[in-house]
Amino acid sequence: MINYDCDLMNQGRIEIGERTLIGPHCQLTTIYHPLHAGSRSLGKVKTRPIKIGADCWIGAGVTIMGGVELGNKTIVGAGAVVTKSFPDGSVIIGGNPAQYIRNTDDQHSDIPEDAFKASEIRYDVKQRLNVGERVQVAAMTLPPNTRGGHWGFQGTNDAVISVSRDGSVTATGVGTAQVRLTFVQPNFRTA
């Protein structure tokens, strides 16, 4: 799931594993500008890939810089700025710059089984966007009470996808982007 107002600048390649959750207002940027002012004024940039493993949870407002690799089951606290890799995974990190807090606990849930009863109704959308095109995905496909979605992204050249609060997806940069979205509508049941 990638929530609203997230910016993914994938010029250096971004990989996101299965079942990973990304909160609102997150930025994943693969662009690095040089420290030398003269080089910046010439427009020189370097790109570094970002790789996020499966079953991760990236909290709201997180910034992940190019060159970072997060292993499976990594949890990143809200507002963190991730500048270095945690490739082994199964850890909780947070802060600015992000640091190790503790290991995750896969043995015990913090939500008791009888406290969370939900099933899912899924809606699938496939859309190809050329640069400069925008599609209002939410208005076209989402019924009331829909929460978030899981989606995949594949771009050509230097395509960038931006997902906004109003449910629209915009392609920027150069090239085309293939976006696959699966929106989830929880169907909560009372005990």
Side-chain angles (χ1 to χ4, degrees), residues 1-31 47-111 116 118-127 137-138 142 146-155 159-165 167 169 171 177-186:
M1 183 186 109
I2 298 180
N3 218 309
Y4 63 82
D5 281 345
C6 290
D7 290 311
L8 310 179
M9 299 180 69
N10 76 317
Q11 286 88 337
R13 184 169 173 82
I14 297 174
E15 294 181 38
I16 301 172
E18 296 288 328
R19 299 171 305 280
T20 286
L21 309 174
I22 298 180
H25 303 290
C26 290
Q27 296 183 353
L28 282 67
T29 178
T30 60
I31 300 290
T47 61
R48 300 180 197 169
I50 294 173
K51 184 175 182 181
I52 300 173
D55 299 304
C56 294
W57 177 17
I58 312 299
V62 168
T63 299
I64 299 177
M65 304 304 296
V68 165
E69 179 181 346
L70 300 177
N72 296 338
K73 301 179 183 178
T74 297
I75 297 173
V76 183
V81 178
V82 186
T83 59
K84 68 178 186 176
S85 294
F86 295 85
D88 294 337
S90 294
V91 295
I92 300 173
I93 61 173
N96 182 3
Q99 299 179 28
Y100 169 85
I101 297 173
R102 66 180 175 87
N103 289 342
T104 58
D105 182 0
D106 279 337
Q107 303 302 315
H108 306 93
S109 175
D110 56 342
I111 301 176
F116 183 74
S119 60
E120 296 177 344
I121 303 170
R122 295 185 175 267
Y123 299 87
D124 290 319
V125 176
K126 292 183 181 178
Q127 181 75 40
V137 178
L142 299 187
T146 301
R147 300 286 187 265
H150 299 274
W151 65 288
F153 163 74
Q154 181 178 13
V160 176
I161 286 292
S162 176
V163 181
S164 70
R165 178 191 310 263
V169 178
Q178 176 72 37
V179 186
R180 176 183 47 79
L181 304 101
T182 302
F183 293 94
V184 179
Q185 181 182 20

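Not measured: the values here are computed from a predicted model.
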* To do: State the NZ-CH2 distance between K73 and W57, to the nearest 0.5 angstrom.
  => 15.5 Å

* To do: List in chain and number order the residues that pass salt bridge (Lys or Arg N to Asp or Glu O under 4.0 Å) with R48, two or more places apart in sequence or in another chain; answer none if no residue qualifies.
  => none

* Structure fact -> By side-chain hydrogen bond (donor to acceptor under 3.5 Å, both in side chains), N103 pairs with (sequence neighbours left out) Y100

* Starting at CD1 of I92, measure out to CZ of R102 and round the result to the nearest 0.5 Å. => 3.5 Å

* To do: For residues F86 and E69, determine if any side-chain heavy atom of one lies less than 4.5 Å from a side-chain heavy atom of the other.
  => no

* Structure fact -> Rounded to the nearest 0.5 angstrom, the OG1-CG distance for T63 and D7 is 10.0 Å

* To do: Determine the minimum heavy-atom distance between A54 and N72, stating which atoms define it.
  => N-OD1, 2.8 Å

* Asked: Nearest heavy-atom pair of C26 and G59: which atoms, and what distance?
  -> SG-O, 3.1 Å

* To do: May I have the step-by-step check of side chain to side chain contact (heavy atoms under 4.5 Å, CB included) for L28 and I52, ending in yes or no?
  => CA-CA 10 Å; L28 282 67; I52 300 173; 3.6 Å; yes

* Determine the sole option in V91, I75, I93 for which the side-chain contact (heavy atoms from CB on, under 4.5 Å) test with L70 is passed. => I93

* Trace of the side chain to side chain contact (heavy atoms under 4.5 Å, CB included) decision for I2 with I16 -> CA-CA 10 Å; I2 298 180; I16 301 172; 4.1 Å; yes

* Got a salt bridge between D55 and R19, using NZ or NE/NH1/NH2 to carboxylate O under 4.0 Å? -> yes

* **Minimum-distance pair of heavy atoms, taken over all atoms of C6 and G23** => SG-O, 3.1 Å

* **Shortest non-hydrogen contact from M65 toward I50** => O-CG1, 3.6 Å

* **Contact list for residues 88-97, test salt bridge (charged side-chain N to carboxylate O under 4.0 Å, His left out), sequence neighbours left out** => none

* Structure fact -> What one should report as the nearest heavy-atom pair of P97 and T83 is CB-OG1, 3.6 Å

* Structure fact -> When rounded to the nearest 0.5 Å, the distance separating OG1 of T29 from CD of Q11 is 7.5 Å

* Structure fact -> Value for CD1 (I22) from NE2 (H25), rounded to nearest 0.5 Å, stands at 14.0 Å

* Asked: R13 and T30: which non-hydrogen atoms are nearest, and at how many Å?
  -> O-CG2, 3.8 Å

